[in-house]
Amino acid sequence: ITVNGDTAARFFGVVDTTALQFAVMAYINGDTSVAGRTSVFNGPDTSGDAAATIPQNASPEAFWNQYFALLNYYNCNLVRIGAGDTWGTDLQYQAYVNHRAEYFGLLDTMLDKAEKHGVWVVLVLAGSQSEPEAPYPFGAVASDERTDKVFSPGSDAFNHYIGYCNEVM
């Protein structure tokens, strides 16, 4: 990996498959009970314990600022963040489809705070733990082979996925 042609760049980081999903749930879908949850800090994200959250989470700005400040504090300068499974893929894609401005605003805030704290972001837009049986259909109607296969070029699922990825990138 090079940064501006510099091969001496070194990265140390984490994988967080839930921080963005919980942020979508909290700041776009209105479920504030999950605000501040992550896969990285203060315990398992599935613990149900309020102590397992980043307490600075009243807004996306406060949450992402604290999230990336903590990564920086622990000398992490890279995070792979986003969907790790169908649940996460659905949350991100539905936010993109139904609340596009808010979704892009959330991503912009996340990336601005990452840059402020010197953390590089690898954004993951889709994941599946059930492959090959049923990858996420990206809004395609599962009626036949032509429309419901995300990895079949020309299918509705493929076209929706490519459009989503292109627009987010």
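Linking ILVMFWY residues whenever their side-chain heavy atoms come closer than 4.5 Å, directly or via other members, leaves Phe12 and Leu71 in distinct clusters. Taking hydrophobic clusters as Ile, Leu, Val, Met, Phe, Trp and Tyr residues chained together by side-chain heavy-atom distances below 4.5 Å, Val124 does not share a cluster with Tyr93.
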### Query
side chain to side chain contact (heavy atoms under 4.5 Å, CB included) between Leu125 and Met169: does it pass, once the steps are laid out?
CA-CA 10 Å; Leu125 297 177; Met169 290 297 121; 3.8 Å; yes

### Message
Run Asn98 and Ile28 through side chain to side chain contact (heavy atoms under 4.5 Å, CB included) and show every step you take.
### Response
CA-CA 10 Å; Asn98 298 310; Ile28 295 176; over 6 Å; no

### Query
Can Ile54 and Phe63 be said to form a side chain to side chain contact (heavy atoms under 4.5 Å, CB included), step by step?
CA-CA 7 Å; Ile54 293 174; Phe63 169 68; 3.8 Å; yes

### Residues Met110, Ile81; criterion side chain to side chain contact (heavy atoms under 4.5 Å, CB included); working and verdict
CA-CA 10 Å; Met110 179 183 76; Ile81 197 165; 4.1 Å; yes

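Note: Phe11 and Trp120 have perpendicular aromatic rings, judged against thresholds of 30 and 60 degrees for the angle between ring planes. Classification of the Trp64-Tyr67 ring pair by plane angle, with boundaries at 30° and 60°, yields perpendicular.
Partner of Tyr27 under the side chain to side chain contact (heavy atoms under 4.5 Å, CB included) criterion, out of Thr32, Leu106, Thr109: Leu106 alone. Of the options Val14, Val121, Val15, a side chain to side chain contact (heavy atoms under 4.5 Å, CB included) to Arg80 is made by Val15 and by none of the others.
For the residue pair Lys113 and Asn65, the shortest heavy atom distance occurs at CG-N, 3.7 Å. Between Thr17 and Trp87, the closest heavy-atom pair is O-CZ3, 4.5 Å. Between Gly127 and Ala83 the shortest heavy-atom distance is N-CB, 3.9 Å. Across Val119 and Cys76, no two heavy atoms sit closer than the pair CG2-O, 3.7 Å. Annotation for Thr53 and Arg37: closest pair CG2-CG, 3.6 Å, computed over non-hydrogen atoms. When every heavy atom of Ala126 is checked against every heavy atom of Thr89, the shortest pair comes out as CA-OG1, 3.4 Å.
The line from CG of Asp112 to NE2 of His117 is 11.0 Å long, rounded to the nearest 0.5 Å. To the nearest 0.5 Å, atoms SG (Cys165) and OH (Tyr96) are separated by 9.0 Å.
Heavy atoms from other residues, nucleotides or ligands lying under 6.0 Å from CD of Glu61 number more than 12. Counting non-hydrogen atoms of other residues, nucleotides and ligands closer than 6.0 Å to CZ of Phe104 gives a total above 12.
Asn29 places no side-chain N or O within 3.5 Å of a backbone atom of Asp31 that could act as its donor or acceptor partner.
Proximity of Phe158 to Pro153: side-chain heavy atoms (C-beta onward) are separated by under 4.5 Å at one or more points. Counting only heavy atoms from C-beta outward, the side chains of Val34 and Thr18 never approach each other to under 4.5 Å.
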